[in-house]
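Right, one structure below, let's go through it.
Below, all heavy atoms of this structure are taken into account, side chains as well, without hydrogens, waters or symmetry copies. Start at 1 and go down the list; that is how both ligands and their atoms are numbered. Nothing here was measured: the structure is a model prediction, and the numbers come from that model.
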Amino acid sequence: MPPSLDSELRQALVDRLRYYQELGIYDFYRRDRHVSMLGTQPPEIDPSPRPQPEQREEMPVRKSAVAVVEEESMFEVLQPKPEQGIADPIAALKLIREDLGDCTRCKLYKQGRKQIVFGVGNPRAELMFVGEGPGADEDAQGEPFVGRAGQLLNNMIKAMGLHREDVYIANVVKCRPPGNRTPERDECETCSPFLMRQIAVIKPTVVVALGAVAAKNLLAINAPMAELRGRFYDFMPAGARSNDLSWQGAKLAVTYHPAFLLRDPRQKGEAWKDLQMVMKCLDLKPPAKSGM
Ligand code: SF4
């Protein structure tokens, strides 16, 4: 068996790196090049950003496909991204899409996806919606939220006084989970850095997480919907750096996934309350005849 980091240790290290990034620390250097990343103790991380590029972290020799995926997930956050320094969000999103390529980073690539569903909408959107993953219609058309749930999302957007083209829509995972199952933790962890980069490029004022899976992945907290909804969170995309230093992150609100609202329309009133909170924040006025 090839050596591999214990999953708890790996998660602790990822959490630590994210914590540093929330503090605005992005560059890391290792003091001893010979300290093994595959040992039983976490590596010592020096958070002070010193101009010594020759001492930048080097990936250990990769010995198995499993180790490659694990190590890439962990260090994705440390590597300079192609879109960094690109001010035009259209060009920057194109670079992220190119970087994603014909992605095989997680197992969803071989579980029946027809295509990658990257995201759609206004690259300069003030409002961004994030769902959990593509369904059958989205997989077929290559665009998020195009089926019945997408129609309801369109109605929600319209009720806010906006058009679908005004906002940006994406998912935590970009490939359809088989049978529309919930994406698994490793799939979300592998795919979500691309979503974080999209958010950092678009720099929305508000992100609305549609459903518990999106909320938990964006906020990295585990709580029921009843606790997640009804307030704004300060949100900075983990592991992604915006080119705009004046962007202080987005406000994040949580509401029900449109697919859930189709199953339980009685909750539409609650979802409308969430959207009204967002409208107030964005100073949006609903059209004369509004309704979801
Ligand atoms: S879900 Fe994301 S990480 Fe997994 S294969 Fe698709 S694009 Fe790649």
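Atom NZ of Lys94 sits in a sparse spot, with 12 or fewer heavy atoms from other residues, nucleotides or ligands closer than 6.0 Å. Heavy atoms of other residues, nucleotides or ligands lying less than 6.0 angstrom from CG of Asp234 number 12 at most.
When ring centroids are compared, Phe145 and His257 come within the 6.0 Å threshold.
A donor-acceptor contact closer than 3.5 angstrom links the side chains of Arg181 and Gln111. Side-chain N/O atoms of Ser246 and Asp244 include a donor and acceptor closer than 3.5 Å.
For atom 6 (Fe) of ligand 1, the neighbouring protein N/O/S atoms at less than 2.8 Å, given as residue and atom, are Cys175 SG.
Using a 4.0 Å cut-off between a side-chain N of Lys or Arg and a carboxylate O of Asp or Glu, Asp139 and Arg113 do not qualify as a salt bridge.
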